[in-house]
Amino acid sequence: MLVSEFDYALPPELIAQHPAPRRDASRLLHLDADGRLHDLKFADFADLVGPGDAVVVNDTRVVKARLAGRKASGGAVEIFVERATGPRAALVLMRASHPPRLGSEVFVEDVSLKIVARRDDLYEVEFSQDLDATLERHGAVPLPPYIAHAPRAEDAERYQTVYAARPGAVAAPTAGLHFDDALLKKLPVEKITLHVGAGTFQPVRMQEIEKHKMHKERYAIPPDTFQRLLKKRVLAVGTTTLRALETMALTGRAEGETDLFIYPGFKFRIVKRLLTNFHLPKSTLLMLVCAFGGTDRVMRAYAHAIEQRYRFFSYGDAMLIERG
């Protein structure tokens, strides 16, 4: 299966640069089980949830994972903390004019980061001070690369779900950004955790998608929650929630790491409905959505969304997909 099968042309002006005025003020495109499309408001979402449903959300919390550093020589280094591996250790992405060498140090204000190993495109680093404290003092909200402005006070609040509780993500589970407290109170909500990693931004570099390997992400699902879900019609809020649930259904493990790559042909075991935003062309997230809803149906829905001027990506509108 080729990456080119998941491409589409998106007018740049449809990439949402700011959130909607209210969390529930986005639009909602409903792709029903018969393949019909319905243009709705997100405020209508509760009307689509029945008494036998469970709305499963990812309660991860985004940390200030983006750091501005410098080499000993003075050269600038952009650092993106992919995930913590200890109180003073992490796997990070680094962007610099010349890649830092193993054993060298980079500096973020008064904190030094020693590069101890390389894992593909990630660096294993040791911080001279507590990692969490460093991110809180010197970090910035890690907005996606397609959002053009620098992080603002608005982003610190809105690039975070209202139910975010467990720090560890470097990207928001964006399907959840549409919910406010009032809407949540109307829904049968269950909570799980998957700490979204930087791999969510990584392009598929292979022409054949089967050769792509996902970065690992940590997840945790309370076993009693999973048992309750087996008796419900599961509506996953976001691709991260879906991947965590399907990983447990596939492996039987309630927590751990997942590098599950879902693309057309995958056999879904537990999730029946998916709420998600509109995703980048050729991305693993679009491949997952096509696997869930059917490639032809999803790509037709995307064409409709473009024609109807929906807003795309993290701060954009939402889509509810029913499996056929």
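Keep in mind that the numbers below use all heavy atoms, side chains included, and drop hydrogens, waters and symmetry copies. Numbers here simply count residues along the sequence, with the first being 1.
Salt bridge present: R273 and E322 bring a charged side-chain N and a carboxylate O closer than 4.0 Å. Ion pairing of R88 with D130 is absent here, as no side-chain N (NZ or NE/NH1/NH2) approaches a carboxylate O to less than 4.0 Å. Taking a cutoff of 4.0 Å between a charged side-chain nitrogen and a carboxylate oxygen, E5 and K282 do not qualify as a salt bridge. Contact check on E78 versus R66 returns a salt bridge, with a Lys/Arg side-chain nitrogen under 4.0 Å from an Asp/Glu carboxylate oxygen. One finds no salt bridge joining R118 and E124 here, because no Lys/Arg side-chain nitrogen approaches an Asp/Glu carboxylate oxygen to under 4.0 Å.
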Anything under 3.5 Å between a donor and an acceptor, one on a side chain of residues 186-198, the other on a protein residue two or more places apart or in another chain? List them.
from : atom 1 : to   : atom 2 : distance (Å)
E190 : OE1    : R228 : NH2    : 2.8
E190 : OE2    : R228 : NE     : 2.9
T193 : OG1    : D59  : OD1    : 2.5
T193 : OG1    : R166 : NE     : 3.4
H195 : ND1    : T60  : OG1    : 2.7

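In the model, H304 has a side-chain atom that pairs as donor or acceptor with a side-chain atom of D39 under 3.5 Å. A donor atom on one side chain and an acceptor atom on the other are not found under 3.5 Å apart for T174 and Y315. Under the 3.5 Å distance criterion, with hydrogens and angles disregarded, a donor-acceptor pair is assigned to the side chains of D32 and H38. Side-chain N/O atoms of H178 and N277 include a donor and acceptor closer than 3.5 Å.
The closest donor-acceptor contact from the side chain of D259 to the backbone of K216 lies at 3.5 Å or more, if one exists at all.
Ring geometry for Y146 against F313 counts as tilted: the plane angle lies between 30° and 60°, on a 0 to 90° scale.
When each of I115, L113, L91 is checked for a side-chain contact (heavy atoms from CB on, under 4.5 Å) with Y123, only I115 meets the rule. Tested against L235 for a side-chain contact (heavy atoms from CB on, under 4.5 Å), the candidates V56, L48, L320, V271 yield a single pass: L320.
The side chain to side chain donor-acceptor pair (under 3.5 Å) check on R22 picks up D24, with sequence neighbours excluded.
Residue pairs satisfying the side-chain hydrogen bond (donor to acceptor under 3.5 Å, both in side chains) criterion with at least one member in residues 7-18, sequence neighbours excluded, are listed as follows: E13-R309, H18-E154.
Annotation: the span from C290 atom SG to F266 atom CZ amounts to 15.0 Å, rounded to 0.5 Å. We find the CG-CZ distance between L275 and F179 to be 5.0 Å, quoted to the nearest 0.5 Å. Of the inter-residue distances, the one linking R23 atom CZ with D180 atom CG reads 8.0 Å to the nearest 0.5 angstrom. Residue R205 holds its CZ atom at 14.5 Å from NZ of K213, rounded to the nearest 0.5 Å.
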